[in-house]
Number of protein chains: 2
Amino acid sequence: MTQANNVAPLFMDIAKVEHEHHLACQSCALYRLCLPLGLHSDDLAQLDTIIQRSHSLSRNQSLFDYLAPLKSIYVVRSGAFKTTVAASNGREQVTGFYFPGEFVGMDAIHSQSYQSTAKALETSSVCELPFERLSEIGAAMPQLQMQMMSRLSKELSADKNLMLLLGKKTAEEKMATFLLSLSRRFQDRGFSATEFQLSMSRADIANHLGLAVETVSRLLGRLQDGGLVHFEGKSVNIKDMHALQSLCG
Amino acid sequence: MTQANNVAPLFMDIAKVEHEHHLACQSCALYRLCLPLGLHSDDLAQLDTIIQRSHSLSRNQSLFDYLAPLKSIYVVRSGAFKTTVAASNGREQVTGFYFPGEFVGMDAIHSQSYQSTAKALETSSVCELPFERLSEIGAAMPQLQMQMMSRLSKELSADKNLMLLLGKKTAEEKMATFLLSLSRRFQDRGFSATEFQLSMSRADIANHLGLAVETVSRLLGRLQDGGLVHFEGKSVNIKDMHALQSLCG
DNA sequence: CGTTGACTTGAGCAAGTTCAACCGGCGTGG
DNA sequence: CCACGCCGGTTGAACTTGCTCAAGTCAACG
């Protein structure tokens, strides 16, 4: 919690510089993936005025907590997040992982309070979109509203597929599907589709896929023995993408 | 498929009458639950002009199919629907059930094609909102856009809870949670929270909850033996709501 | 009255969990 | 500097939940 201080300053400075120099969405590396896509430059300028870029978090710090009143929608800027929902008895489900350019907190719009908890998996930063102000300027920017809806819709589709995974797939199919999903998302972000880091713990993966940690461990071992992938701690190297696809069920 | 004809005419007539008489959203029994809530009367009038109310389906008829291009968003008017997503090997997951006043097809917005298949569980009708026109008039109606987002957000939250159910709950907890979820939704619609019909088959319930049909059957039997609920074919009577809640996990 | 489809019931089985031990890296404090 | 405890991960063996398969009931229907 309080150890955030040893990493925060660096990020704070970057954010500050960007803000002072009006380094805005247009100059952001994530521009093509992000919200402003398709906006006219004057609309974009207006959007820029309400975006707060100063928000940085350290590992395990929460971006928002379950039932906290909706303040902002967030876009991951760097790092990674997980969201969880908890059952009354304390068990909890990791409902999603979020990478740069992805939106977090959209499930709060309806009830005006976050319906999940979001935690940083590593040192991470976000762009903060104050919802109140977003609504205000959105009223005059149908493309912006449409972008938001499109994002919501995209997450909805992803969730349906996750339901398919959780309800109908075997442990091995789950694991293969998960790895490929990560691969695709990294590729979309301009990174390698075959080599990347698993920023989340085995426990988080297991929880997310509805498995036990031990099962994940064994499965990863088995995939590695089969020569499909190579693991080295948190880094993954996919050796046989095609074989992996055929395991997805 | 073709047997739709023996029930369709009745509904067609009703729809026609309503359209001719300009019986619009305001006079709809679902008004308080539905999209137009919070719109000004002139906006509502405009919305009314694009809504098509003539769409009626018989049992098992599909409202839209996986990967069909997005044409419209639908609001259930009467009856009930299920949506499914299929894995490449043919297995499929029932991702949701939809009752009057609920939206179907919103997962198509992002990709502009439906990402699931929607089928009527019984003779049903929908209000059809042509998406193109909805976008057009929505551009000038921020409240309408916000309503849509709110709906998307609500479904998102529901899906996260379903992920919790699928990933972390025992068979009994799943069943109890499911029954209570139905109960609440019927109550919201002004029906009894304790007595209602299960419009879906045991197979659909089982699939939706990630269980085998047999397990559902046993579970329902067990709940009935315990005096928590009473079943008579498709109708349910919840005897001990509180006990059921305590089983939800 | 035989057929069909939806549901129930019983018995054995398997996938994945649980429990327990173990390993290695890392930060802390003696 | 090393011992210690802790955390994340891996491995092995026993166990349990819910599945599979098979048979049987029941109601609707031609």
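Owing to the predicted nature of the structure, the values given are computational and were not obtained by experimental measurement.
- Distance CE (B/M175) to P (C/dC7): 12 Å, rounded to an integer number of Å.
- Between A/R222 and A/E172 there is a salt bridge, since at least one side-chain N of the basic residue sits less than 4.0 Å from a carboxylate O of the acidic one.
- The nearest whole Å value for the distance from the CG atom in B/L219 to the P atom in C/dC7 is 15 Å.
- A heavy atom closer than 4.0 Å to some atom of DNA chain C occurs in no member of residues 198-206 of chain A.
- If you take CG of A/L220 and P of D/dG8, they are 17 Å apart, rounded to a whole angstrom.
- For A/F103, there are no ring-ring contact (aromatic ring centres under 6.0 Å, His included) partners, not counting sequence neighbours.
- For the residue pair B/K234/B/S199, the side-chain donor-acceptor check at 3.5 Å is not satisfied.
- A/Q115 and A/S113 share a side-chain donor-acceptor pair at under 3.5 Å.
- Look at NZ on A/K174: it is 11 Å from C1' on C/dA15, rounded to the nearest Å.
- Across the protein-nucleic acid pair, A/N207 atom CG and C/dT17 atom C1' stand 14 Å apart, rounded to whole Å.
- We find that A/E173 and B/R91 are joined by a salt bridge, their nearest charged nitrogen and carboxylate oxygen being less than 4.0 Å apart.
- Residues that satisfy the side chain to side chain donor-acceptor pair (under 3.5 Å) test with A/S192, not counting sequence neighbours, are A/T194.
- Across all their heavy atoms, A/S153 and B/H110 have their closest contact at OG-N, 2.9 Å.
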Polar atoms only, N or O, under 3.5 Å: list the protein pairs with nucleotides 16-18 of chain D and their distances.
unit_1 : atom_1 : unit_2 : atom_2 : d
D/dG18 : OP1    : B/A171 : N      : 3.0

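- One can place CZ of A/R91 at 14 Å from C1' of C/dT17, the figure rounded to the nearest angstrom.
- A donor-acceptor contact closer than 3.5 angstrom links the side chains of B/T95 and B/T83.
- Nucleotide C/dA6 holds its P atom 19 Å from the CZ atom of B/F231, rounded to whole Å.
- Salt bridge status for B/D159 with A/K160: present, with a side-chain N to carboxylate O gap under 4.0 Å.
- A donor-acceptor contact under 3.5 angstrom links the side chains of B/Q93 and A/K168, judged on distance only.
- Using a 4.0 Å cut-off, some side-chain N or O of A/K234 falls inside it from OP1 or OP2 of D/dG9.
- Rounded to an integer number of Å, the gap from A/E232 CD to D/dG9 C1' is 15 Å.
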Using atom names, set out every protein N or O paired with an N or O of nucleotides 19-26 of chain C below 3.5 Å, distance rounded to 0.1 Å.
unit_1 : atom_1 : unit_2 : atom_2 : d
C/dC19 : N4     : A/E214 : OE2    : 3.0

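- Applying the salt bridge (Lys or Arg N to Asp or Glu O under 4.0 Å) criterion to B/R185, with sequence neighbours excluded, gives B/E102.
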